[in-house]
Each structure stands twice: as structure tokens, then as C-alpha cells.
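Have a look at the structure below before the remarks.
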Amino acid sequence: MQSPDIPVVQAGYYRTALRPRILHLGFGAFARAHPLLYTDLALEETQADWGVVAARLNTGADQLSALDQAGGWYTVVTTSDQGASARRVGCITQTLHPGRDGSDAIPDLMASPALGIVTLTITEKGYCLAGDRLDLTLPGIRHDLENPQAPKTAIGTIVEGLHRRRSAEHGGLTILSCDNLPANGHACRKAVLALARMRDAALAEWIADTCTFPCSMVDRIVPAMTDEGQALLTRILGHPDPNGILCEPFRQWVIEDDFAAGRPDWHLAGAEFVDDVAPFEEMKLRMLNGAHSCLAYLGALARHETVADCMQDPVFRAAARHLMLNEQAPTLRMPDHIDLTAYADRLIERFSNSHLHHRTIQIAADGSQKLPQRLLAPIADHLRDGSPWPISALAVAGWMRFLRGQTEDGSALTVQDPLADTLAQCANLPDGDAYVDALLDIEQVFPADLVVTPGFQATLHSAYQALSILGARDALSQAMQLEGPNP
Ligand code: CS2
């Protein structure tokens, strides 16, 4: 840990000028260190009035109350071998939680004339999609269909807010997803329109005509806060900050410039506005998040506690780079000026940041929601092109072994996933081919056309076997030897 004499920078703008123009749903660690921080930095440059109302829908009402007590201030500390820096973020003007403030509070805010943008960090599962359809079997969605005025899901909340906004005869809003989903804006639009349509076709039409759902690629490694991190924050600030957060210095935000009611000058804080986010999003989802998931499952099985621990292990480090450059990069269609080797090397350096305690088990959560875009989509490209994908196969097999709830030396692993019940049923089967087949039958994870593509099942079965016999480290080593060197 660094020495505590780290200067604390505070936003230099008039907070009294801020109005509630952005609603942020999902005030978690990532939001604090990414979209909210960009807004804070942009405000400093422009002295504009884009205040943020921070909201959570489920847990975390206490954290929001703690934020109120701190006058809306919280601290972001960036940390790496190059040193640390701390910034107090001041763009939040109010907090809302339906459990604390009533179920009208957020939809009413969405109907207020000043509001222009709803930003979202609600994680993959927050979009309530199964494939590209709204998942009508989810209890939250069923609840929201029956009780549209008191919604529980983020999608239901957005639909109810937009319903009230339309009734109030204000214009449309921008709904800006900041989650790691492919074409996150389109996914969000699909979910919102599907729910709205089931309620009122005219509402759905109004949303389609007046609201925008830009796609964005977001990137910053922000591990869950640890006690050690809290202690460092307390030393830096001289008092605890229950909403303070530690993250890496790197940050990136690439956004489609399609806003219905204005936006902050986020480019002054380093955001890039482009016409098409897709290539950047795919690059990040496959190379960064794909490698993260691979390290999460195989690393957890081999008892590597953090991503940085994985990077200390030469086999895991080489395997991550191999996955990025040999198996993920060839599936991307990037503009010429993007150097994917440099991107991969930067990722390895970021993963190696030992000041962050980014636990493999944290990244391992919600695998059923992450595997499709991070690993299975590129695998489908390999099957189409006839190119090899041994590390990707081990990563997916690693997820399967991880779900059995034990590390290679027999310690317990906790599985967190919205499909946990289904996955646990599969894990009750005896280990081996029948277990792998049962998982491959879960269509929410493995698209039917992928499962029947020649080579898919056989490659996964042998990867699973290699993992069971050799363990993660040796299986990775063997796979790399068979495939040849990195570019
Ligand atoms: C991680 C991401 O937990 C995970 O699934 O892969 O949160 C990752 O740290 C961020 O996307 C980095 O931008």
C-alpha cells in the first residue's frame, strides 16, 4: 500500500448551479469511478448545470443515505505502481431509492422537465433479456407487468418514468447504457420497447420516436472495495468514506453521439464520441472481458485469488496474452489505426496492477450472462473460419468446472449467477460428459445453432477432460505448446 500523503483534489465548480439533469440507475463501484467521474470532470471544464441524481433499486439504500450525509461527496482513488491520486467527486445533488423514498420518486424525476439523460450501470442481468428478447419468465418482469406503477426492475422503472414523462408532455430522454453488453444501447432499447409495447402500444411508439439509446463502450477496472482499501481511504482523507472507491488510473468511454436532450461535454473529460461504437465494444468485450473471464474461472480453480496473482504466474500470463492475440484479436474488424498488439500488452500491464485487489471470484459471478459475448461469439467465428480456439475452450470448460463449486485442491467456491438453480441442478450430475452435455443444453447460455456446429461439442468435451486430468495450469501450458507462439 502507498503512503497516505496523497493530495486530495476537489472538483472546482459551483455545485449550487447544478440541476437534476441526469438520473443514474445503479450507484455501484463502477458508476462512481466511471460515468459519474466523467461528469464531475466535465463540469469542472464547463461550469454547466448537469447535476446527477444517484439511484439504486434493490440493495444499497444505506449507502445512498451515507452519501446524503456526506453532502453528496465521495472519493475516487486511482492506484498503480506509478503512484496514487485522489479526487472528491461532487456532481451528485440527490439520491433516490424506491425502498426508502417510495416507488413514485424515480419515475416522477424522469417526468421532470430538467431531466435529459438516464445513465445505467445495472450489470448484464439488469436488462432482463434472454438472447435478444425480453425474458417474460423473470419474476421481476412479471411483477412489473402486473404493477407498472410500482416497478421493481430497471427496465420497468424506465418504462414507467417515460410513461409519466409522456403524460407530462415533456420531450424524450436519452437512455445511456454503460454496461458490458454487445450493442448495449440496442439491447436496452429492445428491452424497454418490448415492455412498453406490452403495456401500451402508443407509449412504445412515443419512446421509439422521441428517446435515444446510444451504444457506449465503458472501460475501467474497479474492484469491489476491501477493508484494506477502506483503511487506505481513511488514512488519505482523515475520515472514512463509505462510498469511496479504489480503481486503476486507466479509463475509457467511447459513446455514440445520439442524444435526445443535450449532454454534458464529456469529451472534455476524455470521452470519445464516434458514429459507430461496435468495433471498440467488441474489442473490449472480447480482449479485456474475455481474458478476465478466462482468468476468473481457471484462476479460481488454481487458487489464484486475484487477477494480479494470475499475472504473476507465467503460464496464466502467457495464456491471457495468447487468448487476446491468437484467439480474440483475429475475430475483430478494427479501424487500421488500432494496434491490437499494443492494446493486449496494455491490458496485461493493467491486469498486473498489484495495488488493486481484483478477485477472480468477483469476475466469475454471473457467468451465464457474460460467456455469450465474451467467449462464445468469438468461438462461433472460429468455427466458421476453421481457426483453432484452445484457450477459449479451456475458459468455457473452466466455467463448467467452476460451477461444481470446488477448487482443484478441494476448497469451496461460491457460485453467484441468476441461473444458479439450473446450474446447481446440472452440477448434481456425476462429473464428466453427461454433466458437460447438460450445461450445453442451457439455451440461455449456448445458442442452439452454436451447439450443433460441428467441432463445438467435441472441442469442449476434450478441453473439459484436459482440465479434469491436468488441472488449469498444465492444461493451459499444453494448449499453448500445441498451438505455437504468440504473434
Ligand atoms: C469484469 C469487468 O467483473 C467483470 O466481469 O470483467 O467488470 C471489467 O473489470 C470491466 O469491464 C473493465 O472495464
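In each ligand, atom 1 is the first atom listed, and ligand 1 is the first ligand listed. The analysis underlying the following values was restricted to heavy atoms, covering all of them including side chains, and did not include hydrogens, waters or symmetry mates.
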For this session: Would you kindly check if the NZ (Lys) or CZ (Arg) of Arg220 is within the cone defined by 45 degrees around the ring axis of Phe250 and under 6.0 Å from the six-membered ring centre?
Result: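 Verdict for Phe250: no cation-pi partner in Arg220.
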Exercise. Cation over ring, Arg404 on Tyr435, under 6.0 Å and within 45°?
Worked result: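 The answer is yes; both the distance and angle limits are met.
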Polar pairs, ligand 1 vs protein, N/O only, below 3.5 Å.
from, atom 1, to, atom 2, distance (Å)
ligand 1, 5 (O), Lys370, NZ, 2.8
ligand 1, 5 (O), Arg374, NH1, 3.1
ligand 1, 5 (O), Arg374, NH2, 2.8
ligand 1, 6 (O), Asn289, ND2, 3.0
ligand 1, 6 (O), His292, ND1, 2.8
ligand 1, 6 (O), Arg374, NH1, 3.3
ligand 1, 11 (O), Asn180, ND2, 2.9
ligand 1, 11 (O), Lys284, NZ, 2.6
ligand 1, 11 (O), Asn289, ND2, 3.0
ligand 1, 13 (O), Asp219, OD1, 2.6
ligand 1, 13 (O), Arg220, N, 3.0
ligand 1, 13 (O), Arg220, O, 3.3
ligand 1, 13 (O), Lys284, NZ, 3.1

Exercise. Does CZ belonging to Arg359 count more than 12 external heavy atoms closer than 6.0 Å?
Worked result: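 Open.
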For this session: Please state whether the rings of Tyr38 and His34 are parallel, tilted or perpendicular, taking 30° and 60° as the class boundaries.
Result: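 Rings of Tyr38 and His34: tilted, as their planes differ by 30° to 60°.
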For this session: Apply side-chain hydrogen bond (donor to acceptor under 3.5 Å, both in side chains) to the pair Asn58 and Lys152, showing each step before the final yes or no.
Result: CA-CA 8 Å; Asn58 303 306; Lys152 285 206 162 124; over 6 Å; no
Problem set entry | Pair His292 + Phe351: ring centers closer than 6.0 Å |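 Judged by ring-centre distance (under 6.0 Å), His292 and Phe351 do meet the cut-off.
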